[in-house]
Amino acid sequence: MEKVILETIQRGVHSYHKIESFPVTMGRAFDNDIILQDVTISPHHLIIDKEDGNYLIKNLSTENGTTLEGKKLGSEPAMLDIPAHFKLNNLKARLLSTDMPVEDTYVQNCSGLFCFFSSPIWAALLFLATVAIFFIERFLDTPVAKEPLFYISNVLPSVWTLLGITVVISGITRISTHRWEIIPAISIASMVFLVPQLFEYLGHFASYLFTADSFGSWLQNIASFMIIPLLLALFIVKTIHTKWLPALGVAALVYSPFLAYQVINLVDDLNLKSGFSEIPGYSQTLLPSDIRLNTTISLDDYIKDADKETSSIIEDMLIEAKKKEAKS
């Protein structure tokens with residue numbers, strides 16, 4: 001007789017029962033073939049049988065019932081197609097064939113792009129590089145030289161944030177697979193900080209190169225709204241072996257608090273750009289090599305342009321004053 005496997009999923013725990021003879025009864029009562037200890041399941045909940053090579057399922061529960069492929073079962077038996085998905089109230093179950101392919105084995109010592117993140121050495125280097133970036137930023141943002149302890153105290157909150165994100169990312173695998181994936185979580189958490197910083201530097205260079213702020217803004221928004229969720233989704237796909245679409249959904253859910261923060265920053269930047277005395281971002285990223293597509297004007301030409309602009313403003317003010325004087 002062909003053997004089938006019954007898989008039950010309860011609170012994230014997968015249990016497997018090999019079925020070699022039929023009929024098979026399921027429920028909370030101890031006289032069942034498969035005993036399921038869930039208070040929402042009836043003592044005798046359902047029967048799985050086989051007739052003329054066909055698998056049948058019959059609901060016995062009058063309390064919470066059984067659903068097959070999303071449809072509520074009545075009292076009449078229903079045919080099962082392997083693989084079959086059904087639910088005993090909230091408990092999920094599948095009837096599988098013994099030759100069903102299993103998920104890929106999680107290989108720690110492997111080759112490929114993601115193994116770069118799974119290497120303890122590279123994870124440590126990425127973590128140290130992130131901490132170094134934190135220190136350099138605090139050092140450059142401080143106008144007056146301070147003692148080393150001052151910079152260390154300013155860097156510590158960012159380091160704790162980095163470690164907190166590592167725990168959150170690794171917690172995804174703990175919930176799903178009951179194991180902690182600390183090493184790749186450290187790598188991905190470090191990249192969450194390093195990639196936006198890299199895109200910010202590239203954005204400054206692009207803004208200066210093209211003499212326009214839009215290029216830098218686009219690169220920063222791509223890093224904030226696209227690259228970081230993709231990194232989280234990559235971690236989920238490679239450690240939990242799920243598909244990309246649900247992985248992107250989980251990544252968006254995990255990243256949603258930070259996404260809200262990025263949206264607030266974006267709105268603030270747009271408000272600042274609508275102000276009267278906007279300072280171009282590219283003017284704050286001067287390069288010694290002066291690599292720009294637009295040539296730098298000479299000082300004499302700048303003074304001439306400034307005189308013309310000033311004269312135009314003064315003329316407009318005089319005309320406006322004469323109009324007011326004539327009205328009075």
Side-chain angles (χ1 to χ4, degrees), residues 1-107 169-181 233 235-251 253-254:
M1 180 178 290
E2 181 184 0
K3 299 177 182 178
V4 292
I5 303 296
L6 176 69
E7 177 193 44
T8 58
I9 307 171
Q10 187 175 22
R11 299 184 183 92
V13 178
H14 294 246
S15 301
Y16 297 90
H17 310 272
K18 185 179 291 186
I19 301 176
E20 300 180 357
S21 60
F22 295 90
V24 176
T25 60
M26 300 173 58
R28 282 191 298 117
F30 293 136
D31 59 349
N32 287 289
D33 299 307
I34 298 176
I35 302 171
L36 303 172
Q37 287 305 311
D38 187 308
V39 294
T40 63
I41 295 175
S42 302
H44 299 91
H45 202 104
L46 63 80
I47 296 176
I48 298 177
D49 203 353
K50 186 176 183 181
E51 294 182 3
D52 300 327
N54 297 319
Y55 295 97
L56 302 174
I57 182 173
K58 182 178 181 180
N59 174 58
L60 302 177
S61 173
T62 58
E63 292 87 4
N64 295 317
T66 305
T67 56
L68 174 63
E69 304 295 347
K71 295 182 180 179
K72 194 82 171 179
L73 289 179
S75 58
E76 295 298 321
M79 187 175 297
L80 290 173
D81 294 324
I82 306 297
H85 298 74
F86 54 96
K87 292 176 64 176
L88 293 76
N89 191 41
N90 292 325
L91 186 143
K92 297 180 180 179
R94 292 194 303 169
L95 195 64
L96 308 172
S97 174
T98 54
D99 58 358
M100 281 280 294
V102 297
E103 295 177 344
D104 297 334
T105 303
Y106 178 71
V107 181
I169 295 175
S170 183
I172 297 174
T173 58
R174 181 67 181 87
I175 295 172
S176 302
T177 63
H178 302 281
R179 67 174 185 266
W180 292 95
E181 293 293 345
F235 174 83
I236 295 171
V237 168
K238 292 300 183 179
T239 57
I240 304 178
H241 302 292
T242 186
K243 295 181 180 179
W244 271 100
L245 187 59
L248 287 171
V250 174
L253 181 63
V254 173

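None of these values were measured; they are calculated from a predicted model.
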task = Mark yes when over 12 heavy atoms from residues, nucleotides or ligands other than K71 sit less than 6.0 Å from its NZ; otherwise mark no.
result =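 No, the 6.0 Å shell around NZ holds no more than 12 heavy atoms from other groups.
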
task = Would you check if V250 and F235 make a side-chain contact, meaning some heavy-atom pair closer than 4.5 Å?
result = no

message = Has H45 got a side-chain atom pairing as donor or acceptor with G65's backbone, closer than 3.5 angstrom?
response = yes

Looking at every non-hydrogen atom in both residues, tell me the closest pair between [X] and [Y] and how far apart they are.
| X | Y | value |
| --- | --- | --- |
| L248 | A233 | CD2-CB, 3.6 Å |
| A247 | V237 | CB-CG2, 3.6 Å |
| L88 | A93 | CD1-CB, 4.2 Å |
| S61 | S42 | OG-OG, 2.7 Å |

Any residue meeting side-chain contact (heavy atoms from CB on, under 4.5 Å) with [X], in chain and number order, not counting sequence neighbours:
| X | result |
| --- | --- |
| S170 | T173, W180, I182, A185 |
| E51 | D49, L56 |
| N54 | M79 |
| N89 | T40, N64 |

Hey, what do you get for [atom1] ([X]) to [atom2] ([Y]), rounding to the nearest 0.5 Å?
| X | Y | atom1 | atom2 | result |
| --- | --- | --- | --- | --- |
| L68 | H85 | CG | NE2 | 10.5 Å |
| I19 | L6 | CD1 | CG | 5.0 Å |
| I57 | F86 | CD1 | CZ | 4.5 Å |
| L96 | K18 | CG | NZ | 13.0 Å |
| T8 | L91 | OG1 | CG | 5.5 Å |

key: Pairs where residues 83-94 contributes a residue and the test salt bridge (Lys or Arg N to Asp or Glu O under 4.0 Å) is met, not counting sequence neighbours   = E7-R94

Distance-only donor-acceptor pairs under 3.5 Å for side chains of residues 23-37, two or more places apart:
unit_1 : atom_1 : unit_2 : atom_2 : d
T25    : OG1    : N32    : OD1    : 3.3
T25    : OG1    : D33    : N      : 3.1
T25    : OG1    : D33    : OD2    : 3.3
R28    : NE     : D38    : O      : 3.4
R28    : NE     : I41    : O      : 2.5
R28    : NH2    : I41    : O      : 3.4
D31    : OD1    : H44    : NE2    : 2.9
D31    : OD2    : H44    : NE2    : 3.2
N32    : ND2    : A29    : O      : 2.8
N32    : ND2    : P43    : O      : 2.8
D33    : OD2    : T25    : N      : 3.0
Q37    : NE2    : R28    : O      : 3.4

